[in-house]
Amino acid sequence: MRVGITYHEKFSQYDLGAAHPFKGDRFNNVMNLFKEQGLFRLPSVSLLKPELVTLRDLLRIHDKEYLDRIFRLAEENKPYDMETPVSPRILEAARLMVGGAIEAGKAIYDGRVDRAVALGGGFHHAGRDYGGGFCLFNDVAVLVEVLREEYAVKRLLILDYDVHFGNGTSDIYYSDPEVLFISLHQDPRTIYPGTGFVDEIGEGAGEGYNINVPLPPRTGDQTYLEALKQVFVPLAEEFKPEIILANGGSDAHFADRLGNLGLTVKGFFKLSGVIVDVAEGVCGGKLVLLPGSGYNPTVLPPCWYALTAGVVGLEKIGVTDPYAPPVEPGLVRQKVRKTVSELKRLLRKYWRSFR
Ligand SMILES: [Zn+2]
């Protein structure tokens with residue numbers, strides 16, 4: 001079993017400013033921890049070097065006008081919106097990260113690796129003709145299109161476990177029945193982008209293929225994993241994708257500064273393990289994991305390490321939480337169970353597993 005990790009030194013140029021929560025030093029910090037933990041000494045692990053995504057590949061998803069606008073903003077050093085700055089250096093890094101996602105998928109389909117981790121990936125707030133929420137290009141969607149158009153992949157499952165709802169990815173595939181989008185995220189009434197409710201189930205031919213599991217603030221490991229096993233596991237088994245793409249960094253951690261969910265480092269390790277087990281069971285292990293988010297620099301590296309260690313198939317990890325995890329409030333589990341029942345009721349007619 002071989003795992004490829006895509007990384008480029010220039011990822012650190014994706015630094016959105018001194019006062020901005022998205023800092024470029026995350027990549028160096030993560031790579032240092034990976035080295036310290038001996039990840040690259042494992043014979044199964046190799047480093048893959050991404051290339052700049054081409055305009056042609058970006059056009060598989062994004063509108064020409066939108067791309068022109070982003071490239072022009074970069075030249076002029078002007079922000080896309082208040083929280084999403086653009087510059088030549090940021091643009092170069094963004095293009096390398098999309099290139100990383102593509103390289104991860106190609107390495108699997110070219111038979112060079114079995115699974116891959118695309119460091120820095122998961123820009124799920126970008127849609128076809130818009131960006132925002134620190135995102136310019138939707139690397140997950142570009143990867144989907146490369147796999148469909150160049151490798152004839154027919155059915156793909158995207159599991160979005162970022163604390164924020166992946167509105168961009170959801171929009172892109174909202175009426176597409178060949179891409180099953182499942183997102184577990186913090187209750188949109190309490191966090192950006194404010195959408196991603198259970199009743200947003202897709203439309204047209206894609207009705208029933210957009211699955212949202214909103215979770216109350218402070219949802220902890222056990223409840224989170226229970227929801228994952230109730231929704232992601234049976235749907236993946238029923239849908240039978242050819243590959244799973246999973247995105248999310250550390251912002252669902254209890255100490256994250258933007259999110260309010262309650263995952264621990266160990267929880268991320270288990271989450272990653274569940275994803276790997278499902279991929280092994282339904283699609284021969286084909287999996288690209290894209291960890292990019294995280295807004296507490298102390299917990300980001302151990303969480304990304306835990307996620308990656310799961311993909312590598314380690315039995316245990318030598319990193320832990322730097323702080324004691326909080327206790328999940330009493331009502332959270334009941335609320336989540338209610339949400340999952342409601343979701344199953346809404347989706348019953350599309351999925352045998354929910355009958
Ligand atoms: Zn996020």
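Just follow the structure's listing: the first ligand is 1, and inside any ligand the first atom is 1.
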Run the side-chain donor-acceptor check on residues 316-323: report pairs under 3.5 Å with partners two or more places apart or on a different chain.
| residue | atom | partner | partner atom | Å |
| --- | --- | --- | --- | --- |
| Asp321 | OD1 | His253 | NE2 | 2.6 |
| Asp321 | OD1 | Val265 | N | 3.3 |
| Asp321 | OD2 | Val265 | N | 3.1 |

Around atom CD of Glu342, are there more than 12 heavy atoms of other residues, nucleotides or ligands at under 6.0 Å?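 It does: Glu342 CD has more than 12 such atoms within range.
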Closest N/O/S atom of [X] to the Zn ion (ligand 1), by atom name?
X	answer
Asp251	OD2
Asp162	OD1
His164	ND1

Which residues satisfy the ring-ring contact (aromatic ring centres under 6.0 Å, His included) test with Tyr151, sequence neighbours excluded?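 ring-ring contact (aromatic ring centres under 6.0 Å, His included) list for Tyr151, sorted by chain: Tyr109.
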Going hydrophobic residue to hydrophobic residue with side-chain gaps under 4.5 angstrom, can you get from Leu215 over to Phe254?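 Cluster IDs for Leu215 and Phe254 differ.
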